[in-house]
2 protein chains.
Amino acid sequence: MNQTIVELLQRHELRKTAMRGEVLKIFLEAGKQAITHPELEQRLPDADRITLYRTLKAFEDKGLIHQVVDSGNATKYALCNDACTEHRHHDEHAHFHCNDCGKTICLDSITTSTIQVPRGFKVQQTHLVLEGTCNNCEN
Amino acid sequence: MNQTIVELLQRHELRKTAMRGEVLKIFLEAGKQAITHPELEQRLPDADRITLYRTLKAFEDKGLIHQVVDSGNATKYALCNDACTEHRHHDEHAHFHCNDCGKTICLDSITTSTIQVPRGFKVQQTHLVLEGTCNNCEN
DNA sequence: TAGACAAATGCAACAATATTGCAAGTTAAA
DNA sequence: TTTAACTTGCAATATTGTTGCATTTGTCTA
């Protein structure tokens with residue numbers, strides 16, 4: 001298990017287990033791209049499905065990854081930025097969902113911090129999903 | 001089946017059946033609020049669950065309703081505006097998801113038409129989801 | 001570094017959500 | 001009114017997510 005992974009787990013108060021190491025490795029390799037649960041199952045054929053659910057839940061609870069809201073049915077997860085903690089997620093950036101390749105990518109440059117809502121509404125979190133064709137599929 | 005419902009079905013090339021009439025009636029009554037599949041099952045206890053799936057699919061295909069992207073697991077649907085057709089959905093407005101009452105409300109006043117994406121990306125549709133407490137739950 | 005305690009894992013069972021095929025019933029149009 | 005296409009309801013099955021419990025593993029302390 002490499003140094004980055006050990007550090008990330010420690011910083012988020014997560015015990016370092018084989019499973020968590022492997023899952024986190026996949027997230028790090030994916031970078032800005034969100035990953036679905038089925039995708040993880042495929043890439044870790046020996047992993048127990050239930051443990052995977054719990055691993056993702058633990059990562060989310062500790063602010064290491066966040067669920068990505070998008071069209072498409074499968075639940076997606078992506079690495080959080082450093083501002084996320086156990087107590088609160090701060091992912092105000094947009095997600096781009098490509099209808100061709102199905103990939104979902106975080107677009108850090110686009111944020112939703114300045115949106116005005118009607119009286120009486122209190123916003124805790126925002127999700128901006130853009131759907132279309134990504135730079136890879138666009139030819 | 002009232003006139004509005006018949007007209008809406010005809011305009012979207014959908015045959016008028018009892019089931020479709022009842023489902024559409026619920027959507028019209030709900031107005032700007034999105035409806036989940038389980039909610040529909042509750043309000044139509046005699047309806048066949050599978051038929052309900054297919055009814056919603058048909059409505060979506062013909063541009064009468066659209067799936068609402070939001071956090072929370074249950075799939076939600078809401079009436080499209082008039083610009084939606086069989087060929088393309090145009091729902092550029094924001095959806096507000098209340099974490100207290102669980103309701104999702106369309107906020108027509110907030111749009112996402114002016115967002116700039118990186119080179120090579122083509123946006124076909126946008127979804128802006130705001131999560132928090134709605135004006136009804138906020139006291 | 002050994003032991004104790006808490007946390008994580010793997011399995012079984014189950015619940016909820018969604019899809020497909022097919023026979024029978026219904027709608028719309030000639 | 002008859003036909004052809006569409007819609008419905010049922011059965012079967014697939015997918016996705018949850019809970020309980022015994023066993024194993026990681027971490028902390030002595």
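Per chain, numbering begins at 1; letters A, B, ... match sequence-line order.
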Does B:Glu39 come within less than 4.0 Å of B:Arg43, counting only side-chain N to carboxylate O?
no
When rounded to whole Å, the CG to C1' distance for the pair A:Leu9 and D:dT25 reads 15 Å
Nearest whole Å is fine: how far is C:dT17 C1' from B:Glu39 CD?
16 Å
Give the cluster check for B:Ile26 versus B:Tyr53: same hydrophobic cluster or not, with ILVMFWY residues linked at side-chain heavy-atom distances below 4.5 Å.
no
Name the closest nucleotide to the A:Pro38 side chain, picking from D:dT16, D:dC6, C:dA6.
D:dT16
What is the distance from CZ of B:Phe59 to P of D:dT7, rounded to the nearest Å?
10 Å
Mind calculating the distance between CZ (B:Arg15) and C1' (D:dA4) to the nearest angstrom?
9 Å
Nearest 0.5 Å, please: how far is CD in B:Glu22 from OG1 in B:Thr17?
9.0 Å
Nearest 0.5 Å please: distance from the CD1 atom of A:Ile105 over to the CG atom of A:Leu107.
7.0 Å
Rounding to an integer number of Å, can you tell me how far A:Gln10 CD sits from D:dG26 P?
14 Å
A:Arg20 side chain N/O closer than 4.0 Å to the phosphate oxygens (OP1, OP2) of C:dA8?
yes
Separation of D:dT18 C1' from A:His37 NE2 (nearest whole Å):
12 Å
Figure out the CD/P separation between A:Glu13 and D:dC28, and round it to whole Å.
11 Å
Between A:His97 and A:Asp70, is there a side-chain donor-acceptor contact under 3.5 Å, judged purely by atom types and distance?
yes
Expressed as a whole number of angstroms, how long is the span from A:Leu24:CG to C:dA8:P?
15 Å
Crowded around A:Gln42 CD? As in, over 12 foreign heavy atoms under 6.0 Å?
no
Taking 4.0 Å as the cut-off, does a side-chain nitrogen or oxygen of A:Thr75 come that near to OP1 or OP2 on D:dG17?
yes
Could you go through B:Phe59 and B:Leu9, starting from their C-alpha distance and side-chain angles, then the distance that decides it, and tell me whether this counts as side chain to side chain contact (heavy atoms under 4.5 Å, CB included)?
CA-CA 9 Å; B:Phe59 280 13; B:Leu9 289 175; 4.1 Å; yes
Contact residues, residues 46-58 of chain A to DNA chain D [heavy atom, < 4.0 Å]
A:Arg49, A:Ile50, A:Tyr53, A:Arg54
